[in-house]
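Take a look at the structure below.
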Amino acid sequence: MDSNKDAEDNFTLYLDPSAPIEARVEDLLKRMTLDEKCSLCVGKSFWKTRPVKRLSIPSLGLTDGPHGVGPHSSGWKRNTYFPTLICMGATFNRQLAKQFGTALAEETRACGKHQILGPGMNIQRSPACGRTFEYLSEDPYLNKELAKEIIAGIQSRRIAACAKHFIVNNQETRRFGVNVNVSKRALHEIYFPAFKAAVEEGGVWSVMACYNRINGKLGSEHQHILKDILMDEWGFRGYVVSDWFATKGTSGTSDVVNAGLTLEMPGGILGIKRLKKKKIRAAIERGEVSESTLDENIKRLLRVMFLVGLFDDESSIPPGSRNTPEHVALSRKIAEEGMVLLKNNDSTLPLNVDEMKTIAITGPNAGKKKGMWGGSSEVWPPFEITPRDGITSRVKDKLRVVSDVQQADAVIYVGGLGHKSGQDAEGSDKKSLELPKDQASEILETVRANPRTIVVLVSGSPVAMDDWIDQVPAVIEAWYGGMEAGSVIAGIIFGDVNPSGKLPITFPKKLSDSPAHASERTFPGILTKRRFWQRISNKPTKPVDNVYYDEGIFVGYRHFDTRCIEPLFPFGHGLSYSTFSYGPVTMKRKNSEGKARMEVFITITNDGIVKGSETVQLYVTDVESSESRPEKELKGFHKVHLEPGEGETIRFNLLGEDFSFFSEKQGKWILEPGEFSIKIGASSRDIRQEKRVTILDTQLHVK
Ligand code: BGC
């Protein structure tokens, strides 16, 4: 009997890789002392958790960031620099998003890490946000469709993804603690969808709480947001990590633990240590925290430790790899599909090398590398091809590169932004959309000297172009296109690559046209004056700064279209060297597994003479509604790759939720029967086909 019991005790179920994960979690948890559990609540250092030697629990290694494994968190390793997430957003390509996630995970594993701190999933509420380049889109549907694929890719390699920053971290100004006043409806319709899908459809293993307050409470101690919504409503089973130093302004240990936050980061001498052993113990003794709540938080982290294979033999875990030719090729492919041809008058592009003798390459970004800097998302690649390098090598032995723009057969002006404070960088926002320094006048001078001037913008967010756009025949938005960006820019200029990127964000004519910029109150908020030391410390401000999301659900094109404001370039816009025609729309109601859906069919044909890709976008308009709704909302997209003359019939599936809105009054999503319009087009402002339909009920019966 006794010997049986001994055998039972010695059998460490949690170390058995063939046992179910939940059984391993339970087994390990019951062996842990209170102190051991507490020790898992604060990181050991900046980038890892504390090991528990007695139980052979190793450290879980975390690393930044969204578009490549950061050097600062990987022991200064050089890794593949993928295009930043705004460029990924512009690809509108789910498959590519998954491949990207998979490659990111392989790089993470090869750096000896188990979790990557991405994707960045905040909505691009304002083009002025310093981290716009790190996020995917202003649109909740595009955001969720790509984010869940990235997550699926990452986790397919048993690396934990981390959906960040939960939630409404939409500005960098006073990000440590600014109080975001946002309606329930805007949360549900705009800001939640990607995170909800990450949990419900992507099964994400980790979520990073935000720095800011949401309707009065900091993200790290927001019981309603973390417990009630993320965990209880959506069924999140992974663990919540704080953003770095975010626990500083929290009210206390018990609030953070009770909100469901498991891991406070970073640890080490610089850490805040709200979740220090002593403090948690004291909170338990005071009866403010129950041990079962702590257990639940710990279980979440242990679950992820098992999922990433922390206790398993290396041979059973998907292997890692870094800087492989495949990863570099993928980085290039994302850039090829994400760069956007904004303007191309009279087919200025592509340039034909055979008809030219000289070319000039100028502008402040022509020779700049962009991987490093920008904040936590920086990547240090083994090489990076600048626009000048890429173009020069493409025209080698064919054209003479000259510096006198007047002597050139064409001029490539590479301008845009950089990862500097006040531009595309973490920790600060842009004050305006104007190009820095004298770029606007330089462009005008250049185009005056040589009308065949092509502007290439290297930036991670929209810039103003009103001063010069009418004089320039062609403009490419190249984003921060990863380590191969220069070659891809050259490929687009000379027609080796047929551009197919579409804007995932509206380019306004001026910042004040943007919905978040009605007043200071709406961006960056009503700020308290602070002394110098207060400004440089990360302490959330007291009294609290407030920003008001008065625009509600009217974010991005929802605002521009509903209020009839002409953008510089609309959401979804992007040109190609091919032309595509859109056939008539047909619809069919279907019912499978008790769920009604409306199938929408359209045939797209490449009428051009080169092969190309088109992103076909489907928008829904609620023609009549009891509550105000946007003029249109994206509810489907397909990217099709077509040879010249080739056509393809695409099917969209619309569900009841695609016609619904979140009613603030009723506190739930509702579908109001009535007339809807289905719009299909090449951008939000280039609708090619429209079909009206009267929906009779939630089962999508139509008249
Ligand atoms: C950023 C996070 C990042 C973390 C660790 C924070 O300042 O907001 O996105 O993952 O630092 O570098």
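Computed from a predicted structure; not experimentally measured.
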**Message:** Side chains of Lys679 and Thr621: any donor to acceptor distance under 3.5 Å?
**Reply:** yes
**Request:** Using only heavy-atom distances, determine whether the side chains of Glu384 and Tyr81 contain a donor-acceptor pair under 3.5 Å.
**Result:** no
**Request:** Find out whether Leu634 and Tyr557 are in side-chain contact, i.e. whether some heavy atom of one side chain is under 4.5 Å from a heavy atom of the other.
**Result:** yes
**Smallest separation among heavy atoms of Ile553 and Pro630, with atom names** = CD1-CD, 3.7 Å
**Message:** I'd like to know if Glu337 pairs up with Lys639 as an ion pair, taking the criterion as any Lys NZ or Arg NE/NH1/NH2 lying under 4.0 Å from an Asp or Glu carboxylate oxygen.
**Reply:** yes
**Message:** Keeping Glu627 on the side-chain end and Ser663 on the backbone end, is there a donor-acceptor pair under 3.5 Å?
**Reply:** no
**Message:** Please determine whether a side-chain nitrogen of the Lys or Arg among Lys510 and Asp466 lies less than 4.0 Å from a carboxylate oxygen of the Asp or Glu.
**Reply:** no
**Message:** Rounded to the nearest 0.5 Å, what separates atom CG in Leu146 from atom OG1 in Thr91?
**Reply:** 5.5 Å
**Asked** Measuring from Gln124:CD to Phe133:CZ, what's the distance to the nearest 0.5 Å?
**Response** 11.0 Å
**Request:** Might you point out which heavy atoms bring Phe46 and Trp244 nearest each other, and give the distance in Å?
**Result:** O-NE1, 3.2 Å
**Asked** So, do Pro570 and Leu503 sit near enough that their side-chain heavy atoms are less than 4.5 Å apart?
**Response** no
**Test item: side-chain donor near acceptor, Gln115 and Ser206, under 3.5 Å** = yes
**Message:** Taking the basic N atoms (NZ, or NE/NH1/NH2) and the acidic carboxylate oxygens, is any pair closer than 4.0 Å for Asp64 and Lys164?
**Reply:** yes
**Request:** Look at the rings of Phe637 and Phe92 and say which category their plane angle falls in: under 30° parallel, 30 to 60° tilted, over 60° perpendicular.
**Result:** perpendicular
**Request:** Take Arg685 and Asp561 through the salt bridge (charged side-chain N to carboxylate O under 4.0 Å, His left out) test and state the conclusion after the steps.
**Result:** CA-CA 8 Å; Arg685 296 255 174 156; Asp561 292 356; 2.9 Å; yes
**Message:** Do Ser461 and Thr132 pair up side chain to side chain, a donor and an acceptor below 3.5 Å, judged on atom types alone?
**Reply:** no
**Message:** So for atom CD, which belongs to Glu520, do other residues, nucleotides or ligands contribute more than 12 heavy atoms lying within a distance under 6.0 Å?
**Reply:** no
**Prompt:** Would you say the side-chain atoms of Asn143 and Ser137 include a donor-acceptor pair closer than 3.5 Å?
**Reply:** no
**Prompt:** With a 4.5 Å heavy-atom cut-off, do Val547 and Arg521 have their side chains touching?
**Reply:** no
**Prompt:** Any side-chain donor-acceptor pair under 3.5 Å between Thr247 and Glu264?
**Reply:** yes
**Asked** With no hydrogens and no angle check, do the side chains of Asn181 and Asn546 hold a donor and an acceptor under 3.5 Å apart?
**Response** yes
**Request:** Specify whether Phe192 and His188 have parallel, tilted or perpendicular ring planes, treating 30° as the upper limit for parallel and 60° as the lower limit for perpendicular.
**Result:** perpendicular
**Message:** Just so I know, are the side chains of Cys162 and Val241 near enough to count as touching, which here means a heavy-atom distance under 4.5 Å?
**Reply:** yes
**Message:** On a heavy-atom basis, which atom in Leu62 and which in Leu117 lie closest, and how many Å separate them?
**Reply:** CD2-CD2, 4.0 Å
**Message:** For the backbone of Leu417 and the side chain of Gln423, can you confirm whether one donor and one acceptor N or O come within less than 3.5 Å of each other?
**Reply:** no
**Prompt:** Do the charged groups of Lys509 and Glu566 touch, with an N to O distance under 4.0 Å?
**Reply:** no
**Prompt:** Sub-3.5 Å donor-acceptor pair from the side chain of Ser625 to the main-chain atoms of Ser628, do we have one?
**Reply:** no
**Non-hydrogen atoms of Leu527 and Asp545 that approach each other most closely** = CA-OD1, 3.2 Å
**Asked** Given side chains that start at C-beta, do those of Val182 and Asn215 come closer than 4.5 Å, heavy atoms only?
**Response** yes
**Message:** Distance check, rounded to the nearest 0.5 Å: Leu444 atom CG versus Asp438 atom CG?
**Reply:** 11.5 Å
**Item:** Under 3.5 Å: donor-acceptor pair, side chain of Asn212, backbone of Ile167
**Value:** yes
**Request:** Could you tell me whether the side chains of Thr522 and His517 share a donor-acceptor contact shorter than 3.5 Å?
**Result:** no
**Prompt:** Given side chains that start at C-beta, do those of Phe100 and Ile150 come closer than 4.5 Å, heavy atoms only?
**Reply:** yes
**Interatomic spacing from NZ in Lys248 to OG in Ser242 - rounded to 0.5 Å** = 13.0 Å
**Item:** SB check Glu434 Lys430 (cutoff 4.0 Å)
**Value:** no
**Prompt:** Would you say the ring centroid of Phe82 lies under 6.0 angstrom from that of His67?
**Reply:** no
**Message:** Is it the case that the side chain of Glu172 and the backbone of Ser428 share a donor-acceptor pair, with hydrogens and angles ignored and the cut-off at 3.5 Å?
**Reply:** no
**Asked** Side chains of Asp424 and Tyr480: is there a donor and an acceptor less than 3.5 Å apart?
**Response** yes
**Item:** Salt bridge Asp255-Lys217, side-chain N to carboxylate O under 4.0 Å
**Value:** yes
**Exercise: identify the closest heavy-atom pair between Ile565 and Asp513** = CG2-CG, 4.0 Å
**Nearest heavy atoms of Gly481 and Ala335, plus distance in Å** = O-CB, 3.5 Å
**Prompt:** Would you say the side-chain atoms of Asn170 and Tyr549 include a donor-acceptor pair closer than 3.5 Å?
**Reply:** yes
**Asked** Does some side-chain heavy atom of Thr84 sit less than 4.5 Å from a side-chain heavy atom of Lys370?
**Response** no
**Message:** Is it the case that the ring center of Phe507 lies less than 6.0 angstrom away from the ring center of His573?
**Reply:** no
**Asked** In this structure, are over 12 heavy atoms from other groups packed under 6.0 Å from Trp234 atom CH2?
**Response** yes
**Message:** Applying side chain to side chain contact (heavy atoms under 4.5 Å, CB included) to Met208 and Phe166, what does each step give before you reach the verdict?
**Reply:** CA-CA 6 Å; Met208 186 188 289; Phe166 193 57; over 6 Å; no
**Request:** Take Tyr413 and Glu442 through the test side chain to side chain donor-acceptor pair (under 3.5 Å) and record every step on the way to the result.
**Result:** CA-CA 9 Å; Tyr413 181 93; Glu442 257 176 39; 2.6 Å; yes
**Message:** Strictly distance-based, threshold 3.5 Å: is any side-chain N or O of Lys502 a donor or acceptor partner for the main-chain N or O of Gly574?
**Reply:** yes
**Request:** Mark yes or no for whether Asn93, through its side chain, and Leu96, through its backbone, hold a donor-acceptor pair below 3.5 Å.
**Result:** yes
**Request:** Determine whether Lys343 and Leu341 make a side-chain contact, defined as any pair of heavy atoms from C-beta on separated by less than 4.5 Å.
**Result:** no
**Asked** Any Lys/Arg nitrogen of Glu200 or Lys148 sitting under 4.0 Å from an Asp/Glu carboxylate oxygen of the other?
**Response** no
**Message:** With no hydrogens and no angle check, just 3.5 Å: does a side-chain donor-acceptor pair link Tyr211 and Asn169?
**Reply:** no
**Prompt:** Do His72 and Glu378 have side-chain atoms, one donor and one acceptor, less than 3.5 Å apart?
**Reply:** yes
**Complete:** Value for CD (Glu551) from CD1 (Ile190), rounded to nearest 0.5 Å, stands at 9.0 Å
**Phe554/His559 aromatic ring centres below 6.0 Å** = no
**Prompt:** Are Arg131 and Glu426 close enough for a salt bridge, meaning some N to O gap below 4.0 Å?
**Reply:** yes
**Prompt:** Judged by modelled atom types alone, do Ser684 and Gln617 share a side-chain donor-acceptor pair under 3.5 Å?
**Reply:** no
**Asked** Salt-bridged, Arg558 to Glu631, with N to O below 4.0 Å?
**Response** no
**Any donor-acceptor N/O pair, Arg213 side chain to Gly219 backbone, under 3.5 Å** = no
**Message:** Quick one: does any side-chain atom of Glu189 pair with a main-chain N or O of Phe662 as donor and acceptor, under 3.5 Å?
**Reply:** yes
**Message:** Test your reading of the model: is there a side-chain donor-acceptor pair from Asn122 to the backbone of His165, 3.5 Å cut-off?
**Reply:** yes
